[in-house]
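In each ligand, atom 1 is the first atom listed, and ligand 1 is the first ligand listed.
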Amino acid sequence: MADKSAEKRIGVCNLCEAICGLEITIEGRDVVGVRGNPADPLSRGHVCPKGVAIGDVYVDPDRLRRPVRRLGEGADARWEEIGWDEAFDLVADRLAGVINEHGDDALGVYLGNPNAHSLGSMTHGTAMFKSFRTRNRYSATSVDQLPHQLVAHLMFGHQLFLPVPDIDRTSWFLVIGANPMASNGSLMTVPDFPQRVRDLHARGGRMVVVDPRRTETAKVADEHHFVRPGTDAWVLLAMLHVLTTEQAPSVAAYADGLATVVDLVADFTPERAEAMSGLPAAEVRRLARELAAADAGVVYSRIGVSAGPWGTVCQWAVNCLNILTGNLDRVGGAMFTTPAIDAVGTGLIGRGHHDAWRSRVRGLPETAGELPVSALREEIETPGAGQVRAMLTVAGNPVLSTPDGARLDTALRGLDFMAAVDIYVNETTRHADVILPPTTALERDHYDLVFHLLAVRDTARFTPAVFEKDADQRHDWQIFREITLRTTARLNRKAPLKKRLVQRARLTASPTFLVGQLLRRGSSGVTLTKLRARPQGIDLGPLRGGQLPARLPSRGKRVDLAPDLVVRDVARLAAVEAPDGDGLLLIGRRHQRDCNSWMHNSERLTRGRPRHQLLMNPADLADRDIADGSRVRVTSRVGAVEVDVAASDDLMPGVVSLPHGYGHARDGVRMGRSREVPGVSVNDLTDPELLDVSGNAALNGVPVAVTAC
Ligand SMILES: Nc1nc2c(c(=O)[nH]1)N[C@H]1C(S)=C(S)[C@@H](COP(=O)(O)OP(=O)(O)OC[C@H]3O[C@@H](n4cnc5c(=O)[nH]c(N)nc54)[C@H](O)[C@@H]3O)O[C@H]1N2
Ligand SMILES: Nc1nc2c(c(=O)[nH]1)N[C@H]1C(S)=C(S)[C@@H](COP(=O)(O)OP(=O)(O)OC[C@H]3O[C@@H](n4cnc5c(=O)[nH]c(N)nc54)[C@H](O)[C@@H]3O)O[C@H]1N2
Ligand code: SF4
Ligand SMILES: [Mo]
């Protein structure tokens with residue numbers, strides 16, 4: 001095609017939380033170039049290999065563009081394209097049928113990670129889920145950041161009032177259980193992490209990493225300490241112990257419960273932390289003192305800790321460390337964003353609640369209306385009133401992403417009906433009777449309602465769709481609207497007419513229209529017109545300190561340093577006397593070129609050295625007479641997998657690591673994907689019985705045995 005037909009468009013990457021601005025070169029319907037947009041005030045030109053591959057999703061011949069209905073089962077399954085109207089009616093008939101016959105809770109829903117990255121899902125998906133009054137609501141939250149949300153709700157009064165590390169101005173940065181060099185940050189929207197670390201060093205700042213693996217982040221840090229998986233709580237509480245015993249602790253006048261915190265950590269000495277975690281007591285003391293002495297310091301922890309056995313206690317301790325050292329709400333510390341659309345302050349997202357009801361079979365508590373996904377399998381399989389008989393999954397793949405996925409895989413076969421809103425036939429959606437595929441990132445308008453809330457700088461950006469959708473495609477918000485309206489119309493128990501009319505009006509307004517309205521409710525002065533004129537984004541400046549207590553969402557504008565739930569769980573922690581067993585502990589791993597369980601269809605992302613292997617310390621291999629590169633059998637309480645092993649000094653002795661999101665060929669069926677990718681699913685080993693007090697899965701620190709095959 002002639003060069004002059006190439007056009008440049010500004011787009012955005014939705015493949016991780018860094019939300020990089022992109023400059024996309026297109027020729028007709030083809031993406032011919034993707035680069036970071038240097039004019040973007042947040043991402044400043046950054047792009048990673050995944051962002052460069054975003055066009056691969058758009059052109060992928062395996063991607064679904066029209067609804068499909070499944071004929072046959074398992075290896076014999078065939079998919080037949082059907083019309084949208086027929087698909088919507090079929091889904092609505094069957095969902096309403098199950099609800100009418102068996103009650104609201106007979107419908108289970110699961111929301112996957114890409115929902116957070118779609119505007120239409122935030123504006124319309126939420127309304128759809130509300131219209132189903134089921135208690136069987138599940139999402140990737142409970143294999144991820146649930147402890148962060150629960151702690152924010154308990155301490156600050158809102159589940160998404162989350163402090164963000166002010167990485168651009170801090171001088172001392174402690175990273176526990178996160179690998180932003182691979183993940184590009186999480187609950188910290190931080191495009192171009194590598195450059196920001198270089199800047200930190202140039203200012204004379206330090207970064208310390210605590211992780212059972214010497215990760216890519218550890219390698220660019222000033223120091224790295226190994227920690228035994230699942231034992232960070234002892235380290236963090238010992239740091240609090242040092243802070244509260246070496247100086248008279250004080251906190252801002254708006255915080256309650258300091259005396260309780262001091263009591264709680266009294267017995268958590270650095271020596272005890274060393275015995276549990278392997279991190280030397282002298283180092284624990286030094287880290288606490290350095291944090292206290294730093295001009296501006298911040299402790300940051302993520303999924304290595306939140307998806308561990310003590311995620312809630314750990315996130316609470318992280319907040320306490322930042323608060324007791326005066327670093328909360330302070331420049332260079334843990335700060336709160338001031339987004340143009342404040343989903344917290346405006347009540348767009350509810351403040352949250354906990355344990356208002358429990359799961360039917362195991363009695364696990366809900367949080368903010370969701371049950372732990374570790375309970376989903378048993379809620380499908382266990383007969384009785386409230387049993388899940390139909391499922392709706394949206395942008396999710398729980399067979400690969402939640403504990404004991406293999407059993408969930410089997411359980412899904414027993415459903416009366418399943419529908420999925422997804423762009424692929426994946427390991428989960430292959431069980432659906434109908435799949436409804438929405439448009440993808442390049443075909444839809446975007447304003448980020450979630451990740452501006454969590455960003456290291458306040459900015460606002462609206463990116464119109466790069467490509468217009470085909471007439472026979474649907475946006476996700478249109479799919480949510482149709483499912484909601486057609487299903488609720490078929491329910492025996494109808495909402496009052498007025499409520500239904502309001503619902504219809506809300507669902508009919510487009511996400512873009514709603515963004516305009518929401519912007520007008522804020523005080524930033526940013527409007528949709530201004531954003532359309534500057535698609536690279538509008539800079540609203542660095543994070544602002546000194547916002548508390550005015551911005552606190554809690555009633556009474558107080559911080560609760562010692563929520564009851566945490567106090568009780570610290571007592572449970574205190575009763576643990578010694579690390580149990582001396583077997584191997586399994587942890588997860590992310591790679592820069594992976595994207596949870598999808599994107600393996602992109603040839604440019606999957607080429608290169610294989611990265612699906614079980615990583616294991618050479619000493620642990622030698623102990624078991626296992627050769628580097630051979631095949632091994634990994635066994636846990638729930639299952640076993642066979643996989644290639646690779647020796648790595650980067651792993652702490654006693655720890656092995658597998659990435660999640662692999663293991664695509666199940667029962668010899670290769671799903672709707674044409675590319676073959678080696679590897680197994682780590683979640684065939686993780687255990688739904690291993691839970692944090694919040695109900696979040698403890699995916700890290702799973703006891704396993706490794707033997708030669
Ligand atoms: N052992 C272990 N397990 C883990 C983790 C771990 O660290 N270790 N991490 C956990 C975490 S943090 C997460 S977030 C979960 C993720 O787990 P899930 O959210 O369950 O799964 P994803 O792999 O993100 O799958 C997303 C699906 O959405 C589809 N999709 C992509 N874009 C769109 C879109 O725009 N619209 C729609 N409708 N569908 C789309 C893709 O085809 C894919 O099938 O995995 C968790 N599982
Ligand atoms: N390239 C890429 N980027 C991604 C994703 C992806 O799949 N690929 N997924 C996105 C999603 S959904 C999320 S939630 C974020 C997550 O972002 P991160 O939290 O940064 O995720 P990970 O890279 O898995 O880092 C977790 C780290 O915890 C360590 N760890 C494991 N167990 C323990 C423990 O017990 N204690 C301590 N201290 N550390 C431990 C692991 O070794 C690992 O280095 O990444 C996002 N970004
Ligand atoms: S860092 Fe994240 S948002 Fe940025 S290009 Fe890569 S995947 Fe996309
Ligand atoms: Mo996640």
Exercise for review: Specify side chain, backbone, both or neither for V227, according to which of its non-hydrogen atoms lie closer than 4.0 Å to ligand 2.
Suggested key: side chain

Review point. Can you tell which part of A140 has a heavy atom less than 4.0 Å from ligand 2: side chain, backbone, both or neither?
Key: neither

Looking at ligand 2, is there an atom of it that comes within less than 4.0 Å of some heavy atom belonging to [X]?
X    : result
G308 : no
K50  : yes
G230 : yes

Return the minimal non-hydrogen interatomic distance between [X] and [Y], and the atom names on each side.
X    : Y    : value
M181 : T217 : N-OG1, 3.0 Å
L237 : V313 : CD1-CG1, 3.8 Å
G185 : V190 : CA-CG1, 3.9 Å
E689 : D687 : N-OD1, 2.8 Å
A395 : N115 : CB-ND2, 3.8 Å

Review point. Are the aromatic ring centres of Y447 and H452 under 6.0 angstrom apart?
Key: yes

Review point. Any chance the rings of H600 and Y662 have centres within less than 6.0 Å?
Key: yes

Review point. With a cut-off of under 6.0 Å to the ring centre and 45° to the axis, is R302 in cation-pi contact with Y300?
Key: no

Once you round to the nearest 0.5 Å, how far does [atom1] of [X] lie from [atom2] of [Y]?
X    : Y    : atom1 : atom2 : value
R285 : E274 : CZ    : CD    : 10.0 Å
E17  : Q145 : CD    : CD    : 8.0 Å
N617 : L584 : CG    : CG    : 10.0 Å
D692 : Q315 : CG    : CD    : 9.0 Å
L691 : S374 : CG    : OG    : 5.0 Å
N184 : I19  : CG    : CD1   : 12.0 Å

Tell me, which protein residue and heavy-atom name are nearest [atom], and how many Å apart are they?
atom                    : result
atom 14 (S) of ligand 2 : D144 OD2, 3.2 Å
atom 26 (C) of ligand 2 : G177 O, 3.5 Å
atom 7 (O) of ligand 2  : N596 N, 2.7 Å
atom 29 (C) of ligand 2 : D211 OD2, 3.1 Å
atom 25 (O) of ligand 2 : N179 N, 3.3 Å
atom 33 (C) of ligand 2 : G304 O, 3.2 Å
atom 38 (N) of ligand 2 : D232 OD2, 2.7 Å
atom 47 (N) of ligand 2 : S183 O, 2.9 Å

Heteroatom distance test ([X], ligand 2): nitrogen or oxygen, under 3.5 angstrom:
X    : answer
V305 : no
I303 : yes
A182 : yes

Is there a donor-acceptor contact under 3.5 Å linking the side chains of [X] and [Y]?
X    : Y    : answer
E427 : N397 : yes
D458 : T337 : no
H660 : N683 : no

Check your understanding: Is any protein N, O or S atom closer than 2.8 Å to atom 2 (Fe) of ligand 3, and if so, which?
Key -> C16 SG

Review point. Would F161 and H153 count as a ring-ring contact (aromatic ring centres under 6.0 Å, His included) if you check the C-alpha gap in whole Å, the side-chain angles of each, and the deciding distance to 0.1 Å?
Key: CA-CA 8 Å; F161 196 63; H153 162 66; over 10 Å; no

Residue [X] vicinity, atoms of ligand 2 by number, heavy atom under 4.0 Å:
X    : result
I176 : 38 (N)
N113 : 12 (S)
S186 : 13 (C), 14 (S), 15 (C), 16 (C), 17 (O)
N700 : 31 (C), 32 (N)
D594 : 1 (N), 2 (C), 6 (C), 7 (O), 8 (N)
R302 : 14 (S), 19 (O)
H591 : 1 (N), 2 (C), 8 (N)
T215 : 44 (O)

Point to revise | From D539, T189, D166, D168, residue fulfilling side-chain hydrogen bond (donor to acceptor under 3.5 Å, both in side chains) relative to R457 | key: D539

Point to revise | Nearest option to atom 13 (C) of ligand 2, as decided by whichever heavy atom of R590, H225, H660, R589 sits closest | key: R590

Review point. Between the candidates S301, S277, P212, which shows the shortest non-hydrogen contact distance to atom 40 (C) of ligand 2?
Key: P212

